[in-house]
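Structure record follows, encoded as structure tokens.
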There are 2 protein chains.
Amino acid sequence: MFDAPNGDGTVGKAMQVLDQVSSFGCPVRFSELLADSPFPKPTLYRLLQTLTNQGMLAFDPERQTYSMGIRLVRLAHSAWRHSSLVPIARPHIESLAETVGEAVHLAQFDNGHVLFVDKYKVTDMFDTLAQAGKIAPGYCTGVGKAILAFMTEAQQNRSLDQQSYKAYTPATLSDRTALVAELAWIRKNGVAYDREEHEQGIISIASPILTSKGRVVGAVSIATSTNRYKISDLKKQKPYLLKCANLIGTEAESWQVPTWS
Amino acid sequence: MFDAPNGDGTVGKAMQVLDQVSSFGCPVRFSELLADSPFPKPTLYRLLQTLTNQGMLAFDPERQTYSMGIRLVRLAHSAWRHSSLVPIARPHIESLAETVGEAVHLAQFDNGHVLFVDKYKVTDMFDTLAQAGKIAPGYCTGVGKAILAFMTEAQQNRSLDQQSYKAYTPATLSDRTALVAELAWIRKNGVAYDREEHEQGIISIASPILTSKGRVVGAVSIATSTNRYKISDLKKQKPYLLKCANLIGTEAESWQVPTWS
DNA sequence: AACTAAGTTCCAATATTTGAAACTAAAATT
DNA sequence: AATTTTAGTTTCAAATATTGGAACTTAGTT
């Protein structure tokens, strides 16, 4: 065996534990973690201790529970400001949202998932923060499909394997074959549509953000609700969307190109 | 030697590297990192590789630079939603901001620094996200002093050692003795004032958030600018501020108590 | 073409991590 | 109150991953 299945040493294991705690989404006990951990008891125990020491996790001694640590917020602030598309994309997203009068999302890809890094909605500017950092599946969102469609074949295969293909709604493309066909269409068409595939009543049109060399670095979407608009209405916004994605792509070029494996 | 000065094993070192990259605040080359790294070349090299593999860092192959990884944004989202005071404090902060008509900040402590986890300003709801995750020094901010004043002696000593005591403005308390005296006063008085100690023209009144057992878990502040108000005006808001801090403290009690060492 | 600096790999010495088992503390049950 | 069960913590020798000096390979200069 060469090229271990995953996990680089102790650090890799520690990150796996972080993910696990994060996946619980609420303070969690040692034994709950142990129950579905690949690690033996003392190993998990020490990893948790180390991470807590480091402020990556927080431990509540009264309830004996672990949750995500505050240090992550500081580190992520850095990531968000410097490493994502946000700083470049902000002005373009704002102006697109104002032109079309609907919510605009900016997303990047992280380990098979779509990660929303910014959002702008004309009416309520509220939940920007609540949205940033949120994740959604790749196979059933507009932004997800737009990114998947324009990946290299190797990246795409790897990502398609990571999808759950759970049918969130009747419209969800819930198997790989259907998705692959759709991706081919998207690649030809240039934009992806979400026809209530993730959430009933929510539709969107999404465009990949490409660098001049054709590398996908993220996606922008215009999202709306079915009781306001139909897919055919979104289709009319395509030129604005493409222009926005294009501007971001060009500027991202001369800035920074993140890597996903 | 027993009990190493800091750093738990490989994971600790990896986190140190993350911090270092974060402190650059922009994409950074291997050699720049190496220049002020305590680690020898191959060690640093491998840590960077591991972290990049894990998505905690992003590597731009064209420019050969590292920056913070997108995975952190996902992890921090979790932290922000579940482990901070934000979910409990939100409504109270909003209502305080509306009562007093000024910007209200919510902060927690992270490794000697003040970490802003939420902000509410009546007029512009814009930069909530831009603010969350931001850090500021402990010794020269209202929230920082409020938290320091109410720590246990052990925590306080540890934190006082971590301050830089840099004089940001003429009003900055730029040595430990002066700060200790001020903290004693704050402890007696119940609230801390920032008299343009961090930023010229910005003043604030801050209250610690205490649990019923007297444990500090964060701080709230009302901040304003000197061309609108004076410290004596802020003093009048003290009862509202205390009430808000108190409500948050009580609710935080029955929720979750994070640990800082 | 020769030189320099930046980035990458080797490999034996070394320090860390590992996990079965033993132990302790706290609940739950008799 | 005594006993059993469960959850959390520690031990320690064996197994393993990490370490870093030095050598090597690129890429960029002069």
Side-chain angles (χ1 to χ4, degrees), chain A residues 1-21 24 26-54 56-67 69 213 256-259 261, chain B residues 1-21 24 26-54 56-69 256-259 261:
Chain A
M1 66 180 83
F2 68 98
D3 194 25
N6 80 329
D8 346 43
T10 323
V11 177
K13 283 172 203 164
M15 300 303 112
Q16 221 179 307
V17 172
L18 268 187
D19 262 350
Q20 208 201 342
V21 175
F24 272 82
C26 65
V28 60
R29 277 188 103 88
F30 173 66
S31 48
E32 298 181 80
L33 288 166
L34 183 62
D36 64 344
S37 173
F39 307 117
K41 216 203 296 198
T43 302
L44 178 64
Y45 180 72
R46 279 174 310 224
L47 286 172
L48 287 168
Q49 261 194 177
T50 306
L51 289 167
T52 304
N53 259 332
Q54 293 291 329
M56 304 295 279
L57 290 177
F59 179 69
D60 176 346
E62 314 225 355
R63 288 153 206 286
Q64 300 204 108
T65 53
Y66 296 88
S67 43
K213 274 160 218 138
Q256 208 264 352
V257 190
T259 39
S261 42
Chain B
M1 61 179 89
F2 71 97
D3 195 23
N6 81 329
D8 346 45
T10 323
V11 177
K13 284 172 204 166
M15 300 302 113
Q16 222 179 307
V17 172
L18 268 188
D19 262 350
Q20 207 202 342
V21 175
F24 272 82
C26 65
V28 60
R29 275 188 104 88
F30 174 66
S31 48
E32 300 181 78
L33 287 165
L34 183 62
D36 64 344
S37 174
F39 307 117
K41 215 200 302 195
T43 301
L44 179 64
Y45 180 72
R46 279 174 310 225
L47 287 171
L48 287 169
Q49 260 194 180
T50 306
L51 289 167
T52 305
N53 259 332
Q54 292 292 327
M56 304 296 278
L57 290 177
F59 180 69
D60 176 347
E62 315 225 354
R63 289 152 205 284
Q64 300 205 108
T65 53
Y66 296 89
S67 44
M68 304 305 284
Q256 208 266 352
V257 190
T259 38
S261 42

Give the minimum heavy-atom separation between [X] and [Y], together with the two atoms involved.
X     : Y     : result
B:L51 : B:A14 : CD1-O, 3.5 Å
A:L57 : A:V21 : CD2-CG1, 3.8 Å
B:K13 : B:L47 : CB-CD1, 4.0 Å

It should be established whether [X] places a side-chain nitrogen or oxygen under 4.0 Å from OP1 or OP2 of nucleotide [N].
X     : N      : result
A:S31 : D:dT6  : no
B:T10 : C:dT16 : no
A:Y45 : D:dG8  : no

Original post:
For A:E32 and B:T43, take the nucleotide of DNA chain D holding the closest heavy atom to each; which residue's nucleotide lies nearer the 5' end?
Top reply: A:E32
Could you tell me how far apart [X] ([atom1]) and [N] ([atom2]) are, to the nearest whole angstrom?
X     : N      : atom1 : atom2 : value
A:Q64 : D:dG8  : CD    : P     : 6 Å
A:R46 : C:dG19 : CZ    : P     : 8 Å
B:L33 : C:dT8  : CG    : P     : 12 Å
B:D8  : D:dT18 : CG    : P     : 15 Å
B:F30 : C:dA5  : CZ    : C1'   : 13 Å
A:L44 : C:dG19 : CG    : C1'   : 13 Å
B:L48 : C:dG7  : CG    : C1'   : 12 Å
A:Q49 : D:dG8  : CD    : P     : 13 Å

Subject >> B:E32 side chain to B:T65 backbone, donor-acceptor under 3.5 Å >> reply: no
**OP:** Remember a base hit wins even if backbone is also touched, and classify B:P42 as base, sugar-phosphate or nothing at under 4.0 Å, heavy atoms.
**Re:** base
**OP:** Report which part of the nucleic acid B:R29 touches: base, sugar-phosphate, or nothing (heavy-atom distance under 4.0 Å, all strands).
**Re:** sugar-phosphate
**OP:** Check whether the side chain of B:K41 and the base of D:dG20 form a donor-acceptor pair under 3.5 Å.
**Re:** no
Subject >> B:T10 OG1 to B:M15 CE distance, which is reported to the nearest 0.5 Å >> reply: 10.5 Å
